[in-house]
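Below: one structure, written as structure tokens.
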2 protein chains.
Amino acid sequence: MSQTVDRALSILPLLAEGPADLGQVADRLGVHKSTALRLLRTLHEHGLVYRQSDQRYRLGARLFALAQEAMENLDVREIAHPHLVRLNESCGHTVHLAVYEENEVLYIDKVESRYPVRMYSRIGKPVAITVAAVAKLLLADLPEHERRAVAEKLDYPAYTSRSTPNAGAFLRELEKVREQGWATDLGGHEESINCVAAPIRGADGRVVAAMSVSAPNVVVTADELLTLLPLVRRTADAISGEYSGRTQVKGTE
Amino acid sequence: MSQTVDRALSILPLLAEGPADLGQVADRLGVHKSTALRLLRTLHEHGLVYRQSDQRYRLGARLFALAQEAMENLDVREIAHPHLVRLNESCGHTVHLAVYEENEVLYIDKVESRYPVRMYSRIGKPVAITVAAVAKLLLADLPEHERRAVAEKLDYPAYTSRSTPNAGAFLRELEKVREQGWATDLGGHEESINCVAAPIRGADGRVVAAMSVSAPNVVVTADELLTLLPLVRRTADAISGEYSGRTQVKGTE
DNA sequence: AGGGCTGTTGCACTGTCTGCAACATTCATT
DNA sequence: AATGAATGTTGCAGACAGTGCAACAGCCCT
């Protein structure tokens, strides 16, 4: 909508790939060097871009600070955190908290497993949306037309032989998840990792977040992990209760 | 330099304070609502801004992703992390890693204390630059004129009675730190918290990062903490060695 | 129904962004 | 040391993209 801003913002993902010099930035934007220079300068003044000593540009420090502040404003996270820690203390496995936002599901909190074998994931990183248990819960709660629209648009990478193969299968899975009120991912992302997940609901009953417990086969089998389901659901419900009981109303988000 | 981009970027810190609606954004930018709308739309398309169901705007998800990617490009961090964890395992206290960037020092990694009493700090958050041990090390390594320039510009908040009071005292402290090759903060930020820090150097000898161990008085006294200095320095040197031994040269940064 | 509030669109104007070309600077090469 | 290439930087005139206005649409509250 705004050409100048559009160009400036396009620089950020570009620099996320790694440092680049003025010429490279100008080329990839398809603009004159002088134009790129001015854009970079503006980004620089706002601290979003940093100029290292070899003159190349990199993403800057304020970006961290902004992202951190944004995190803190997510009040589900704040409320949920102690519950997640307690759950981790009682079962020992990795616990995740995730939200849905504009066709993406992302982890907003994580408590690491206390076992030496840990699964790889990172706060802020988009989740494998077609297979993750938390993603299923979050998508299952969307209004039907939107759910369908999203499902059609997605890619269905075959991470493993048990990954969701296509939109049809995914929508059927979502329907099932919607009815039972919990979800699993049994080796759909990483062959040897299983997850159980439960939804966190706001006062109006809509799913605002989802949490999961994940563990690799070498630590517990899928069946053993499933025995944790009641505990996971209780934890999720406790968070839901606390979240929706708040005086301050922040919409259904 | 670029008015439009400047305005658009000014929206981000504004939203970091909390969600805001169109009118509020327009007011605080001092522009017409329609202008604010177009800027927000552009930010939205790039995922930096999210529109919640009550129509208000918030910082968006891509911001996290960007910040995370930016983190990963800091290779000191990657190299240092396992060392920090090991140090934490052997002493139990909070371990921090920080870098200097454009008049700011910020934490880029942290391993939490294993004691119940923890100090407050956050990755991505600017450090109390006039008192933190890591800040002293990073500033002490700047070329003299720059160091002086930065010191003059800073504010010297009196967090405690032992905080650095003014530029003169700070520059003297930096000189001392520079010579001895390590730094402390003994209750200069929080009355009851002490830190010991050591520098991490690149191949050319310049300080690229600094690490510290922090602990509250209730856990160990300042003297006890100081006995960890050799260990902290050894850890920092190990990281320095690994960092500067790399084949891939990324400038002195 | 009516009035107030917020978000949205179309349009004419002007101011800001653009690309160019000339200049500055650093670095490599002879 | 001097030349050349490559990169970053500045001033300028023209043009186009961004601006504010005013009118419209939708919503909630009375």
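In what follows, every heavy atom counts, from backbone to side chain, and hydrogens, waters and symmetry copies are set aside. In the text below, chain A, chain B and the rest are named by the order of the sequence lines, each starting its count at 1.
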Requested in this report: Answer yes if the side chains of His81(B) and Asp109(B) hold a donor-acceptor pair under 3.5 Å, and no otherwise.
Outcome: yes
Report task. Indicate whether any N or O donor in one side chain lies under 3.5 Å from an N or O acceptor in the other, for Arg58(B) and Tyr50(B). Result -> no
For [X], all residues meeting side chain to side chain donor-acceptor pair (under 3.5 Å), sequence neighbours excluded:
X         : value
Arg147(B) : Glu175(B)
Glu144(B) : Arg148(B)
Glu152(B) : none

Query raised in the report: Taking only residues two or more places apart in sequence or in another chain, which ones pass ring-ring contact (aromatic ring centres under 6.0 Å, His included) with Tyr100(B)?
Result: none
Query - the helix from dA1(C)-dT30(D) to dT30(C)-dA1(D): angle between end helix axes, five pairs per end, rounded to 10 degrees - result: 40°
Report task. Return yes if some donor-acceptor pair links the side-chain N/O of Gln24(B) with the main-chain N/O of Asp21(B) below 3.5 Å, else return no. Result -> yes
Report task. Could you tell me whether a side-chain N or O of Arg206(B) sits under 3.5 Å from a main-chain N or O of Arg201(B), the two making a donor and an acceptor? Result -> no
Residues two or more places apart in sequence or in another chain: which of them pass salt bridge (charged side-chain N to carboxylate O under 4.0 Å, His left out) with [X]?
X         : result
Glu104(B) : Arg62(A)
Asp6(A)   : none
Arg234(B) : none

In a table with atom names and distances, give each donor-acceptor pair under 3.5 Å that connects a side chain of residues 25-33 of chain A to protein atoms at least two apart or in another chain.
from, atom 1, to, atom 2, distance (Å)
Arg28(A), NH1, Glu17(A), OE1, 3.2

Quick test: give all pairs of protein nitrogen or oxygen and nucleotides 23-25 of chain C nitrogen or oxygen below 3.5 Å, distance rounded to 0.1 Å.
none

Query raised in the report: Can you tell me how far P of dA22(C) sits from NZ of Lys33(A), to the nearest Å?
Result: 14 Å
Report summary line: In 5'-to-3' order, the base (B), backbone-only (S) or no-contact (-) status of each nucleotide in nucleotides 15-20 of chain C, using a 4.0 angstrom heavy-atom cut-off, is -SSBBB
Query raised in the report: What are the bounds, 5' to 3', of the part of DNA chain D that sits under 4.0 Å from heavy atoms of chain A?
Result: dG8(D) to dG18(D)
